[in-house]
Amino acid sequence: MFRYNVSKRDEDVKIDIYNTLGQTIETLVDKQAPGGNHEITFDAQDLPSGIYYYSIQAGDFQDVKMMIVIK
């Protein structure tokens, strides 16, 4: 589950999942979101175990983090 916060105004939000080759696996969110706290569920059931990255963009904010899928 991904939790994110949007500042007080509406902002374009995009959350993408990437493999280690930089290929987009899935786009979880790509929409304008109102200010406040939000949650999105990511089902990794179809992904093999390994290292993945997720990118979060909201307005001027952008960050990339690593996650590990273990089965």
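Just so you know, these numbers use all the heavy atoms, side chains as well, and skip hydrogens, waters and symmetry mates. For the single chain, residues carry numbers from 1 onward in sequence order. What you see is a predicted model, and the numbers here were worked out from it, not measured in a lab.
Side-chain contact between Val29 and Phe2 is absent, with no heavy-atom pair separated by less than 4.5 Å. You'll find the side chain of Tyr18 stays beyond 4.5 Å of the side chain of Ile25, heavy atoms only. Using a 4.5 Å cut-off on side-chain heavy atoms (C-beta onward), Tyr54 and Val64 make no contact. In this structure the side chain of Ile17 never reaches within 4.5 angstrom of the side chain of Thr24, judged on heavy atoms.
Between the CD atom of Gln57 and the NZ atom of Lys14 there is a distance of 6.5 Å, given to the nearest 0.5 Å. Atoms CG and CD, on Asp12 and Gln32 in that order, are 5.5 Å from each other to the nearest 0.5 Å.
Hydrophobic clustering keeps Tyr53 apart from Val69 (ILVMFWY residues linked when any side-chain heavy atoms are closer than 4.5 Å, directly or through intermediates). No chain of hydrophobic side-chain contacts below 4.5 Å, direct or via other Ile, Leu, Val, Met, Phe, Trp or Tyr residues, connects Ile51 to Met67. Put simply, Ile15 and Phe61 are part of the same group of oily side chains (I, L, V, M, F, W, Y) that touch within less than 4.5 Å, one to the next.
No side-chain donor-acceptor contact under 3.5 Å links Asp16 and Ser55.
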Could you give the side-chain donor-acceptor pairs of residues 33-48 under 3.5 Å, partners two or more places apart or in another chain?
unit_1	atom_1	unit_2	atom_2	d
Asn37	OD1	Asn5	ND2	2.5
His38	NE2	Pro34	O	2.8
Glu39	OE2	Arg3	NE	3.0
Asp43	OD1	Gln45	N	3.0

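Other residues, nucleotides and ligands contribute over 12 non-hydrogen atoms within 6.0 Å of the CG atom of Asp63. More than 12 heavy atoms of other shown residues, nucleotides or ligands fall within 6.0 angstrom of atom NZ in Lys71.
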